[in-house]
Structures are given as C-alpha cells and as structure tokens.
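Every chain is numbered from 1 and lettered A, B, ... according to where its sequence line falls, protein lines coming before strand lines.
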Number of protein chains: 2
Amino acid sequence: MPVKPPRPPSPPLNALRAFEAAARLGGFTRAADELCVTPGAVAQQVKQLEAWAGEPLFERRAHGVVLTPVGKTVGPLLETAFDALGDAVSALRQAATPQRIHIAASPAVAQLWLSPRLPELRQAYPALELSLTAMEHPPNLEREQFDIALFMVPEGAPHQIATDVVRPACSPQLAENLRKPHDLLNVPCLADSVWVGDWDLWLAQNAADLTGRLRGPSYSLYALAVQEAVNGGGVLMGHECLIAPLVEAGRLVYPFPSLVATGLALSLSTRQPAVGPLAQLMDHLSSESGF
Amino acid sequence: MPVKPPRPPSPPLNALRAFEAAARLGGFTRAADELCVTPGAVAQQVKQLEAWAGEPLFERRAHGVVLTPVGKTVGPLLETAFDALGDAVSALRQAATPQRIHIAASPAVAQLWLSPRLPELRQAYPALELSLTAMEHPPNLEREQFDIALFMVPEGAPHQIATDVVRPACSPQLAENLRKPHDLLNVPCLADSVWVGDWDLWLAQNAADLTGRLRGPSYSLYALAVQEAVNGGGVLMGHECLIAPLVEAGRLVYPFPSLVATGLALSLSTRQPAVGPLAQLMDHLSSESGF
DNA sequence: AGATAGACTCAGTTTTTCTATGCCTAGTTT
DNA sequence: AAACTAGGCATAGAAAAACTGAGTCTATCT
C-alpha cells in the first residue's frame with residue numbers, strides 16, 4: 001500500500017504532442033517535420049509515452065509505423081484536445097497581438113506572387129506587421145502559428161485565387177527560334193525540382209513523342225528557373241499566375257499558344273473565423289487575382 | 001520581410017498548462033500546488049507565456065493575481081482544451097492499464113476508513129492493482145491521475161457514503177470520569193490541526209460556555225489523535241464514520257450522547273464514465289457504508 | 001505599526017529534450 | 001539476387017528548459 005510516492009505523474013505534455021502528431025500524420029518523420037525536430041526526438045517522446053502508459057501505441061514496421069488498438073483509441077481524442085489547444089493559442093495570439101500576421105507560402109509563390117504585392121499591402125495596412133515564411137508544404141493551420149497559408153493545392157479548396165495553368169515561356173529572343181514544339185529539342189528546357197511533372201503534362205497534350213527527350217538544367221527553386229528564363233538561358237514551363245507580371249512587362253513571352261491545367265490552384269487558407277485586420281487582409285488578397 | 005527565421009514558434013505547452021492552472025485556481029500558489037512545483041516555477045512559466053504573447057495575462061496584486069482582459073478571454077478556452085486533454089489521457093490510461101486504480105484520500109480517511117477495508121477489496125478484486133495516495137485536499141480529477149477520490153466534502157455531492165457527525169470519544173477508562181460536559185475541563189482534549197473547528201462546533205450545541213476553555217495537545221494527523229485516544233491519552237472529537245470500527249470493538253466509547261452534524265459528508269468521486277473494473281469498485285465502495 | 005499573504009528575482013542545479021551518428025529492416029529497383 | 005531507399009532505433013553528448021531555494025517587496029489585515 002504505497003502511501004508515500006507523492007502522486008501518480010501526468011504524462012509529459014510534449015510526449016503527448018509528439019504522439020498525437022505521429023498518429024495524425026502516420027509517421028515519425030512527418031511528425032518531426034511538423035514539430036521542427038528530428039525524427040529521433042519524436043521516437044524518444046513516443047517511447048516515453050509508451051513507457052508511461054505501459055503499452056505500445058505504435059507497431060513498428062520497416063516502412064513506417066501503424067497504430068496499435070490502444071493507439072487507435074487514443075489518437076483521435078488527443079487530436080481533438082490539441083485542436084482545442086490550438087484554438088486557444090490562436091485566440092491568445094489574436095487577442096494579444098492582432099496586428100501581427102504570419103503568412104506561410106511555398107517558395108515560388110512567396111517570391112513570384114506575394115513578394116511583388118507586399119509593398120502595396122504594407123501601404124494599404126500600415127498598422128499590420130506582416131511576416132512571411134517560405135516552406136515546401138502547406139502548414140497545418142490548426143497547429144502551427146500561421147494566420148494565412150498561400151499554396152498551390154489540388155483544385156476545390158475554398159478561397160481559390162487562380163487555377164494553375166502551364167505553358168512554355170522564355171525570353172523574346174529565344175522565342176524566335178521556337179516555331180513548333182519539336183524546336184524544344186534544340187534549347188535548354190528548364191525544370192523545377194518541385195514541379196517535376198510539368199513538362200510531361202504539357203507535352204502529353206502537345207507533343208507526346210517528346211516526353212523524356214528534352215534536356216536542360218533543373219533548379220531547386222522555381223524562382224531561380226524563372227530568373228534563368230528571363231536571362232535567356234532556356235525555356236521554362238511557366239505557371240501563368242506566377243509569371244504573369246513578367247509576361248505583361250514583356251520580359252517573358254509564350255512561344256506556343258497551348259495551355260494545360262495542372263489540376264492545382266493557388267489558394268488562400270486561414271483558420272475558420274477570420275476577424276479584424278486578418279479578415280480585411282484576406283479580402284484584399286482574394287480579390288487580387290489580377291495584377 | 002524576414003523569410004529566414006524557420007517558423008513562428010508555438011508557445012511552450014508547459015507554460016500554457018501553468019497559466020491555465022493559475023487562471024482556473026486564481027493564484028500561482030494554488031496552481032503550484034496542483035502541479036506539484038514551487039510557486040516560483042509557476043511564476044516563471046507564466047512570465048514566459050506572457051513574453052511569448054507580448055501581453056501581460058495577469059495583473060499582479062499584493063494578495064494574489066487577477067486576470068487581465070486578455071487573460072480572461074483565453075483562460076476558459078485553455079481550460080476546455082486541457083479538460084479535453086485530461087479526458088484523452090484518462091482514456092489512454094484506461095485503455096492501456098485498466099487494472100491499475102489510483103485512489104486519493106485525505107490522510108484520516110485513508111488510514112481510518114479505507115485502510116481497514118483494503119484487504120477485503122484486494123480479495124474481492126485480485127486482478128486490480130490498487131494504489132492509495134493520501135493528500136490534504138481533493139485532487140482535480142480532470143487533471144490529476146487519480147481514478148477515485150474519497151474525501152470529506154460539503155454535503156450534497158453525489159456518491160455520498162456517510163454524512164459526517166461528531167461527538168466526543170475516548171477510552172472506556174477515561175469515560176468513567178466524564179459525566180457531564182464540564183468534566184472535559186479536567187482531561188486533555190485532543191484536537192486535530194485539520195478539523196480545528198470540531199470542538200467549537202460540538203460545544204456550541206452542548207456547552208457553549210466551555211468554548212475556548214478546553215486544553216490538550218493537537219495532532220497533525222487525525223489518526224494520531226485517534227491512536228492517542230485509544231491509549232487513554234485524552235478525549236477526541238470523534239467523526240463517527242471514521243472511528244465506528246473502534247467503537248464497535250469497544251476500544252473507544254462515547255461519553256456523551258449528543259451528536260452534531262458538521263455539514264460535511266464522506267464522499268466518493270470519480271471521472272464521469274466509470275466503466276469496467278473501476279465501476280465495480282465504485283459500486284462496492286458505495287454500498288460499503290456500514291462495516 | 002506589525003504581521004501576513006502572495007508574488008518576484010536570481011543564481012545554481014537538476015531534468016528534459018534534442019541532435020548527431022551509425023545501425024537495422026523490409027520493400028523496390030536494377 | 002544485389003543494391004538502393006525509406007523509415008525507425010539506440011546511444012552519447014550537448015543544449016535548453018524547468019525547478020528550487022533563499023531573500024525581497026508590497027498591499028492588505030489586525
């Protein structure tokens with residue numbers, strides 16, 4: 001009859017969070033990514049929670065983990081709880097510093113779409129403190145401290161700003177050598193390492209026999225490829241909504257008329273109730289489809 | 001336009017918990033008590049959260065703290081969130097180790113009421129691993145890892161096992177010298193440092209003029225006072241439901257017939273849905289009013 | 001005026017958490 | 001079949017966070 005040991009301990013909150021993320025995302029690596037730590041850290045936290053519970057919560061497989069029955073029971077409950085916590089934190093931020101707005105965007109969108117519009121935004125809302133973070137994948141707005149996410153996502157999301165269509169684009173000089181799709185074999189075709197399928201997509205509709213036969217450098221950032229195209233370094237698979245300003249300015253031209261939809265759309269998302277300055281900003285950005 | 005700084009950080013979970021407890025309980029000291037840390041630790045956590053939010057959440061006063069408007073907004077949200085978290089944790093414990101039951105009880109109840117009943121309980125439910133923690137104040141079952149709390153609380157709570165009535169009690173030998181209340185002036189009157197008002201309460205109904213005139217040692221644990229009374233060391237203000245076994249065994253007697261209700265009741269509480277072994281145990285204990 | 005309750009600060013220590021590294025396993029590709 | 005890859009595991013050391021303890025401070029209460 002142990003009367004002494006002070007109290008039965010609560011499980012560490014961080015371990016619960018790590019488990020919740022791993023359960024929701026289905027893997028330690030993805031959880032680690034969301035929590036901005038290494039997968040090893042998540043593994044340790046989960047192990048700690050399992051030690052506390054006295055039961056394994058995940059079954060370890062070679063390619064990822066699967067929830068045990070106990071884990072399956074608890075996962076959704078924790079998810080709800082952390083959602084509530086996220087709401088509370090968000091309310092705190094909203095109440096304490098409503099003028100501080102964090103925007104997340106993919107690197108390409110941040111540099112090509114948003115960056116040119118920022119000066120105007122700052123002028124329209126001088127009271128706001130806008131900060132912008134570039135990241136590959138859309139953050140989970142329930143969990144991460146962003147107010148707005150601006151990403152290319154599969155069509156159908158609310159607040160769609162523009163559907164994504166692609167077509168080759170290059171500098172005016174280079175365009176003179178391009179009469180028909182087969183001329184692409186003679187120039188560098190710039191590829192982006194994120195949107196790798198773009199060329200194949202367009203070729204499938206326009207010159208299927210060229211698939212896989214184009215050559216050219218690839219870039220880790222789409223904006224770099226765009227820069228290269230502007231400099232006449234090659235033909236880019238252009239996402240219309242991103243390079244529109246450069247086309248209007250005449251620095252890029254479209255050598256071929258055919259455009260192909262990627263099935264994605266540039267879309268704006270936020271937490272459910274956008275109020276105050278955030279709501280204004282959302283409206284402003286939504287209406288901003290043209291330039 | 002800061003694009004670099006990895007991500008806007010989430011507030012530390014522990015700071016949120018500390019704030020939530022402080023907001024709910026209305027003070028750092030009480031929060032510290034619930035969290036099993038020192039008040040200084042809570043103060044630091046809260047300060048950390050305030051630093052994160054960029055706004056004070058509490059207004060510091062000489063006698064405790066009061067929530068600022070922002071704090072008032074966020075407090076209830078966090079409370080809800082941590083309630084949900086508590087539910088999830090509780091479900092985890094229930095799912096992982098249903099046979100492990102933690103009981104919290106006040107020291108007096110633990111030693112005098114529960115302890116004698118434990119052997120029988122263990123025999124009735126051999127599969128259960130019962131552990132018992134003694135504490136002064138009832139724990140918050142939503143937050144602390146107890147399955148059952150057994151305390152003297154103001155009457156009206158559900159699962160009341162016995163209403164609390166007091167009357168003097170002493171060893172049979174000592175009782176021979178006690179014919180009328182005024183004889184109490186000639187013997188040590190044992191007092192408990194927790195239930196300090198007991199004597200006054202009884203005297204008020206039976207010999208108001210003696211109030212404050214009785215003398216005798218006081219004990220930090222009621223069970224010590226009981227032991228002393230059994231040994232003939234003085235007259236105890238006896239809580240009937242706690243000393244009943246000793247009275248039945250003839251080791252204590254009641255020298256005066258008058259009994260007074262304290263307005264408290266021994267009651268059993270648990271989290272909402274008691275299921276499985278826990279529910280059985282609850283039933284067993286509830287029905288256990290007599291001995 | 002003195003006592004008190006409650007919160008604050010700060011330094012030092014303890015505890016927790018994270019990273020870095022290398023290893024292991026089981027699908028997938030060649 | 002062999003090599004490759006994705007994802008998890010374990011460990012040690014390093015970094016960060018949390019906690020304690022002691023001494024202060026300041027409005028209320030007596």
Side-chain angles (χ1 to χ4, degrees), chain A residues 5-53 55-68 71 75 136-137 193 196 212, chain B residues 5-7 9-53 55-68 71 75 82 136-137 143 196 212:
Chain A
R7 274 149 196 237
S10 297
L13 292 181
N14 291 322
L16 291 171
R17 176 166 55 181
F19 167 73
E20 186 272 340
R24 174 163 41 83
L25 303 173
F28 292 179
T29 307
R30 263 157 298 178
D33 188 51
E34 174 171 305
L35 300 172
C36 296
V37 295
T38 55
V42 175
Q44 286 179 77
Q45 297 281 40
V46 170
K47 200 164 52 152
Q48 190 181 353
L49 185 61
E50 292 176 323
W52 180 87
E55 272 287 307
L57 300 170
F58 280 112
E59 193 182 319
R60 270 70 171 186
R61 300 275 181 78
H63 271 251
V65 288
V66 255
L67 287 166
T68 60
E136 293 303 330
H137 303 292
S193 59
V196 276
Chain B
R7 274 149 195 236
S10 297
L13 292 181
N14 292 321
L16 291 172
R17 176 165 55 182
F19 168 74
E20 187 272 339
R24 174 163 40 84
L25 303 172
F28 291 0
T29 307
R30 264 158 297 179
D33 188 50
E34 174 171 305
L35 300 172
C36 296
V37 295
T38 55
V42 175
Q44 287 181 71
Q45 297 282 39
V46 170
K47 200 164 54 150
Q48 191 181 353
L49 185 61
E50 291 176 324
W52 179 87
E55 272 286 307
L57 267 17
F58 281 112
E59 192 181 320
R60 272 70 171 185
R61 301 275 180 79
H63 273 252
V65 288
V66 255
L67 287 166
T68 60
F82 277 102
E136 294 303 329
H137 303 292
R143 298 304 157 80
V196 276

Inset, instruction - Kindly indicate, with the supporting measurements, whether the criterion side chain to side chain contact (heavy atoms under 4.5 Å, CB included) is fulfilled by A:Trp52 and A:Leu16. - result: CA-CA 11 Å; A:Trp52 180 87; A:Leu16 291 171; over 6 Å; no
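- Rounded to the nearest 0.5 Å, atoms CG (A:Leu57) and CG (A:Leu67) are 8.0 Å apart.
- With contacts defined as side-chain heavy-atom distances shorter than 4.5 Å, the pair B:Arg30/B:His137 does not qualify.
- When the C1' atom of C:dT16 is taken as reference, atom CG of A:Leu49 falls 15 Å away, rounded to whole Å.
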Between the protein and nucleotides 7-12 of chain D, list every N/O to N/O distance that falls short of 3.5 Å.
from: D:dG7; atom 1: O3'; to: A:Gly64; atom 2: N; distance (Å): 3.4
from: D:dG8; atom 1: OP1; to: A:Phe28; atom 2: N; distance (Å): 2.9
from: D:dG8; atom 1: OP2; to: A:Thr29; atom 2: N; distance (Å): 3.1
from: D:dG8; atom 1: OP2; to: A:Thr29; atom 2: OG1; distance (Å): 2.6
from: D:dC9; atom 1: OP1; to: A:Arg60; atom 2: NE; distance (Å): 2.4

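- Rounded to an integer number of Å, the gap from CD of B:Glu34 to C1' of D:dC19 is 18 Å.
- In the helix from C:dA1-D:dT30 to C:dT30-D:dA1, the rotation axis of the first five pairs and that of the last five pairs differ in direction by 30°, rounded to 10 degrees.
- Counting non-hydrogen atoms under 4.0 angstrom, A:Gln48 reaches the backbone sugars and phosphates but no base.
- B:Gly27 approaches B:Val65 most closely through the heavy-atom pair CA-CG2, 4.1 Å.
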Name every donor-acceptor pair, under 3.5 Å, that has one atom in a side chain of residues 34-47 of chain A and the other anywhere in the protein, sequence neighbours excluded.
from: A:Glu34; atom 1: OE1; to: A:Arg24; atom 2: NH1; distance (Å): 3.2
from: A:Glu34; atom 1: OE2; to: A:Arg24; atom 2: NH2; distance (Å): 2.9

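- Identified under the ring-ring contact (aromatic ring centres under 6.0 Å, His included) test for residues 26-48 of chain B, with sequence neighbours left out: B:Phe28-B:Phe58.
- At D:dA17, none of the side-chain N or O atoms of B:Gln45 fall inside 4.0 Å of OP1 or OP2 (strictly under the cut-off).
- Residues forming a side chain to side chain donor-acceptor pair (under 3.5 Å) with B:Asp33 (at least two apart in sequence, or on another chain): none.
- Near DNA chain C, meaning a heavy atom under 4.0 Å from it, residues 11-18 of chain A has A:Asn14 in order of number.
- Counting heavy atoms from C-beta outward, A:Glu55 and A:Thr68 have side chains that stay 4.5 Å or more apart.
- Shown here are the side-chain contact (heavy atoms from CB on, under 4.5 Å) partners of A:Pro12, two or more places apart in sequence or in another chain: A:Ala15, A:Gln48.
- Between A:Ala31 and A:Ala18, the shortest heavy-atom distance links the atoms CB-O, 4.4 Å.
- When the C1' atom of D:dA27 is taken as reference, atom CD of B:Glu59 falls 13 Å away, rounded to whole Å.
- The phosphate of C:dT19 (OP1 or OP2) has a side-chain N or O of A:Thr38 nearer than 4.0 angstrom.
- Atom CD in B:Glu50 sits roughly 13 Å away from atom P in C:dA7 (whole-Å rounding).
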